[in-house]
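Notes follow the structure.
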Amino acid sequence: MSTPRTGYRLSKGGLIDRTRSLQFTFNGKTYHGHPGDTLASALIANGVSLIARSVKYHRPRGFYGAGLEDPSAMLAVRDAHGYDPAIRAGQIRLVEGLEARSVSGSPWLTFDVGATAQLVSGILSAGFYYKTFMWPSWKLFEPAIRRATGFGRPEKGADHRSVEHRHVSCDVLVIGAGPAGLMTAQALKGASLHVVIADDQPNFGGSLLWEKAEINGLSALAFSRRIFDELESDAGFTLLPSTLVTAAYENNVFTLVQTLHDAGGIFCERHWKLKADYVVLATGMIDRPLLFEGNDRPGIMLSSSVRRLMGEFAVAPAGRLAIYTNNDSAYLTAINARRAGVEVVGIIDTRPANAAIHADDARRLDIACLFDSQIERTMGYRRLTGVAVRGRIGITQRIDCDGLASSGGWTPLIHLVAHRGLKPSYDVERSAFVCRDLAAGWFAVGGANAALDLETVLREAGRTAEAIAALHGGFGVRRRAFPPQTTRMSVRIKAASFGTVTPQWRPQHGSSNRIWVDLQNDVKVSDIELAVRENYKSVEHLKRYTTLGMGTDQGRTSNVNGLGILATLTGREISAVGTTTFRPPYSAVRMATIANERRGDLFRPRRYLPADAIHRERGAMMEDFGWERPDWYRSNGTNREAAVAVEMRAVREQVGVFDASSLGKIEITGPDAARFLAKFYVSNMTTLKPCRIRYSVMLREDGVIFDDGVVTRIAANHFLASPTSGNADAAAAWFERWRQTEWPALQVAVTPVTANWTAIAIAGPKSRELLRRLGPDFDIESAAFPHMEFREGTLGGVQARVSRISFTGELQYEIAVQSRYGAALIQALLDADRDFTPRAVGMEAWLRLRLEKGYLHVGSDTNGRTTPLDVGMGSIVAKRKDDFIGKRSLRLAFATSIEREQLVGLTALDGAVQVGGRVMAVGHSRPPCPTEGYVTSACYSPSARSSIGLALLERGYQRHGETVLVYSAGAIVRCRVRHPTFYDPTNERLHA
Amino acid sequence: LIGFAAIVSSMKAPPQASLTEAVSTMTIIRCPYCHEQRTEEELTYGGEADIARPLEPESVSDQQWTQYLFMRSNPKGLLAEQWCCAFGCGQWFKVRRDSVTHEIREVLRFDEPDIDTALDGRPDNTIPAAHERNRR
């Protein structure tokens with residue numbers, strides 16, 4: 001009956017191409033496999049059993065499953081196209097030249113110094129790190145502890161795999177192309193629905209690819225092929241192999257990750273965003289492991305994974321296989337193994353003999369069956385060598401084996417349901433968590449619904465298809481109700497081939513310190529016992545305290561066992577214990593796949609100034625301020641500090657040219673424009689005369705400063721508001737929202753025109769001369785065109801808007817022309833003259849000049865609490881009689897408190913102040929200590945010849961003249977508190 | 001995109017006729033101004049609607065003002081909220097949405113009256129809502 005085999009590769013069967021051989025490496029050693037293999041099956045076929053070290057105790061670990069269900073076999077894998085720092089060996093299809101490495105084990109997998117952790121495993125209990133590394137500070141130890149944990153290391157540099165994003169909608173999404181998914185899809189044929197079927201495996205069929213069954217006279221495999229062919233030729237069906245549904249979101253939106261393969265491996269990942277009217281959850285189920293002492297040794301695997309390895313990949317996981325079970329499905333594993341030529345040394349069944357329905361079949365193949373028996377412990381280190389079995393009458397016998405397939409019942413894969421926030425409930429009869437409540441349009445079919453035989457699956461599939469078609473009005477039938485509740489939801493399992501499960505949570509034998517519940521996180525029964533002793537009895541607390549069910553596998557194999565033990569220990573039913581939340585994604589998704597092309601230069605569109613090329617010609621060092629703007633010019637100095645000093649001096653002594661084009665420009669027009677603007681600004685815009693300009697701030701309704709800028713009254717019914725660059729869009733949206741929702745009766749229009757104009761500021765004592773050179777057709781003498789006025793006219797024949805305003809404290813004009821003239825304007829301004837040389841000035845010099853003048857920079861010198869009362873605008877607020885947005889809030893207790901942080905200037909008496917420096921509370925000379933404010937802007941001021949800054953300081957207005965200590969970057973600087981204006985306090989230069 | 005998600009929403013309930021077309025597989029709203037259907041990504045969310053700004057802020061108490069500023073009903077169920085056709089015509093409008101099922105019950109312009117007045121338990125309904133005042 002048995003067939004001979006070589007090594008661990010079975011002599012026949014499997015979906016592998018034995019005519020071709022593929023070479024790959026694992027930890028530098030060369031091995032061979034076949035097309036159709038996974039990395040896992042190829043390694044097992046080569047007899048590799050030690051694959052990883054566990055995360056905490058560095059225990060040897062082997063393959064525990066065959067695919068995604070494996071908590072242990074995480075490897076770093078490189079193919080011809082890319083690199084994955086941590087992926088399950090069962091998720092990777094073998095290709096020529098694949099390189100795989102263990103991600104744990106130091107210095108070598110076979111000799112890991114970290115394994116000494118096992119010697120002290122008694123004290124490495126749950127919460128060990130947090131309890132032990134408290135003194136003097138957890139932060140001191142954290143980096144070293146973090147380095148010792150985790151799976152794999154990412155590579156530096158770009159990823160070469162290509163990524164595609166696709167967005168689709170369909171009528172039905174079938175998740176899983178096993179028997180349940182395929183049969184439901186087949187039953188939907190002819191319903192005129194667009195059906196998408198996704199399966200994470202390259203071949204459709206699920207368990208039909210490896211289980212022994214006969215359907216309509218066909219083998220399971222042939223049956224699945226036939227349905228696949230039928231669906232593939234039907235235009236209504238989209239088949240997505242190698243596609244994992246990673247997450248489910250509201251409104252039936254799903255994310256899917258599809259891998260596209262060629263001979264070199266995965267060359268592309270496709271990220272799908274898909275929405276569906278109806279969802280068929282046909283994700284199947286996985287084995288739940290049985291617990292026993294030493295249950296983590298390499299060689300111990302899930303029973304259904306063993307069947308899959310033998311059936312789909314033709315590999316035997318062991319030379320001498322033992323079976324441990326509390327249900328009937330593992331008998332099928334034994335029978336399949338025996339028929340494939342694997343030596344099966346016995347079936348150890350926790351149940352009495354009369355419960356086993358397949359025992360006779362097994363005995364007929366000379367497989368010994370031990371009933372009422374438990375595994376007491378296991379032997380071996382790097383690989384299992386035997387198990388000690390205690391029988392019904394209390395006698396322990398040793399069974400030599402190098403593999404053990406264990407099955408403790410079933411866990412339906414219902415994570416996607418949980419992503420929608422629905423809690424699964426425990427079904428005692430089936431000893432599994434099932435979904436009684438499903439989201440709108442969802443149907444669970446087959447294993448996902450804990451169906452244990454193909455007949456049930458087939459029945460459920462047909463019924464689901466009928467329900468979907470009926471809801472959709474398909475099959476030419478009128479829309480009608482679902483079938484009655486009883487036939488729809490509760491499926492009776494008769495004579496199921498997988499039989500019934502007698503759950504066993506806490507084993508009767510063995511030390512709880514040697515029984516692993518969660519192999520990925522090294523959580524043992526003793527950790528759960530400790531958690532319960534310390535009163536972490538809620539399932540959510542248990543999870544966080546012990547890390548049970550965390551990590552990349554989110555407790556796929558461990559959760560239900562953990563809950564069962566918690567229930568046993570606390571004397572509750574499992575249903576009363578409940579479950580934790582499974583969070584998306586179901587399996588790790590690479591960040592590069594999510595990012596797609598939204599990285600580097602394509603992260604978001606860059607905005608360029610109209611005169612960008614001219615700035616670059618002048619050696620502008622560009623920075624991203626929302627727009628690409630010159631920070632400083634290399635033509636003004638070889639380094640930033642030198643150039644900034646030159647640029648500042650140019651403005652103070654001659655003239656500087658600054659591109660202010662990104663400053664917001666919003667036109668407000670209409671008969672009610674003045675009344676409308678008055679509602680937004682702290683200053684009253686109705687009293688502003690035509691051709692005059694006023695500076696003010698805008699508040700949110702809670703009184704906090706939202707933005708500042710100047711408002712120009714171009715004509716009686718025509719205003720131009722200039723919000724800050726960063727707020728240009730937000731301010732326009734703000735005006736528009738209030739106009740529509742609160743004052744729709746006002747006759748006013750809001751038009752953002754920021755990009756239509758290029759605005760160049762010229763600042764310095766020679767700026768009037770420079771403006772004159774452009775040939776204005778209007779009088780620009782100081783008396784005729786004073787500070788804070790506006791003129792419209794032509795400059796050298798070009799229409800221009802000129803505002804005499806100042807950000808620098810010098811005589812300054814801002815010239816705005818249509819954007820197409822922008823480059824010509826700045827070129828003309830920068831042309832040297834025999835009298836003086838205008839200099840291009842960048843952002844940094846510009847901001848330092850305004851700091852010397854003590855002008856506010858919203859966002860730097862204000863925070864989410866700053867009101868106009870805190871920045872010296874109290875008298876303007878007091879003058880306003882009518883209402884504006886936020887005014888009422890300024891009378892609330894928070895705004896009028898005497899403890900407010902108020903804007904002051906700081907002059908450093910020694911050293912240099914820096915942005916972010918904290919003002920230490922009075923009476924303290926050394927940190928740590930309470931603080932009374934912080935430095936919001938700082939620089940070295942050439943005019944003041946010292947380091948200066950602005951600060952938000954508690955009770956700042958009353959403290960001018962005081963000396964305070966500022967702590968920043970490890971240094972303590974003495975500073976004199978003063979009025980924020982450091983430069984030209986009488987404004988003579990502004991009005992020059 | 002007219003689906004029947006609302007009907008399927010309760011597996012136990014018998015199917016019933018859909019009330020509005022906006023019940024769909026994704027939050028898709030037809031703008032009542034430009035009449036285009038747009039997905040949530042093309043729209044801007046503006047929080048709860050019908051939060052009336054006091055007509056004379058200076059004459060209300062601190063408590064009434066902070067009520068207006070901060071207090072929102074945040075119901076589990078039907079909620080009136082503001083949305084903006086941000087990538088379309090730019091108009092703000094009002095939506096009645098079920099915060100549990102995401103069903104869109106009504107989409108309204110600010111210049112048309114509410115069909116459903118079930119939501120009138122707002123904090124201070126002595127202050128008329130903006131759209132009511134503006135119609136005067």
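Side chains included, hydrogens not; waters and symmetry mates left out as well; all remaining heavy atoms used. Per chain, numbering begins at 1; letters A, B, ... match sequence-line order.
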task = Select one option (side chain, backbone, both, neither) describing which atoms of A:F884 are under 4.5 Å from chain B's heavy atoms.
result = backbone
note = Counting heavy-atom pairs under 4.5 Å with chain B, the top scorer among A:E701, A:R891, A:E736 is A:E701
inquiry  = I need the A:R737 CZ to B:W92 CH2 distance, nearest 0.5 Å.
reply    = 3.5 Å
ask   = For the residue pair A:R888 and B:V60, what are the closest heavy atoms and their distance?
value = NH2-O, 2.9 Å
query = Given a strict heavy-atom distance threshold of 4.5 Å, which part of B:T66 is in contact with chain A: side chain, backbone, both, or neither?
reply = side chain
key: Nearest-0.5 Å distance that lies between atom CD in A:E250 and atom CD in B:E40   = 8.5 Å
Heavy-atom neighbours of B:F87 CZ exceed 12 at 6.0 Å = no
query = Going from CZ on A:R700 to CG on B:L69, what distance comes out if it is rounded to the nearest 0.5 angstrom?
reply = 10.5 Å
task = To the nearest 0.5 Å, tell me how far A:T741 OG1 sits from B:Q91 CD.
result = 11.0 Å
query = If you measure from CZ on B:R53 to CD1 on A:I885, what distance do you get to the nearest 0.5 Å?
reply = 6.0 Å
ask   = Are side-chain heavy atoms of B:F93 and A:Q740 found at a separation under 4.5 Å?
value = no
message = Counting only heavy atoms from other residues, nucleotides and ligands, does the tally under 6.0 Å from NZ of A:K273 exceed 12?
response = no
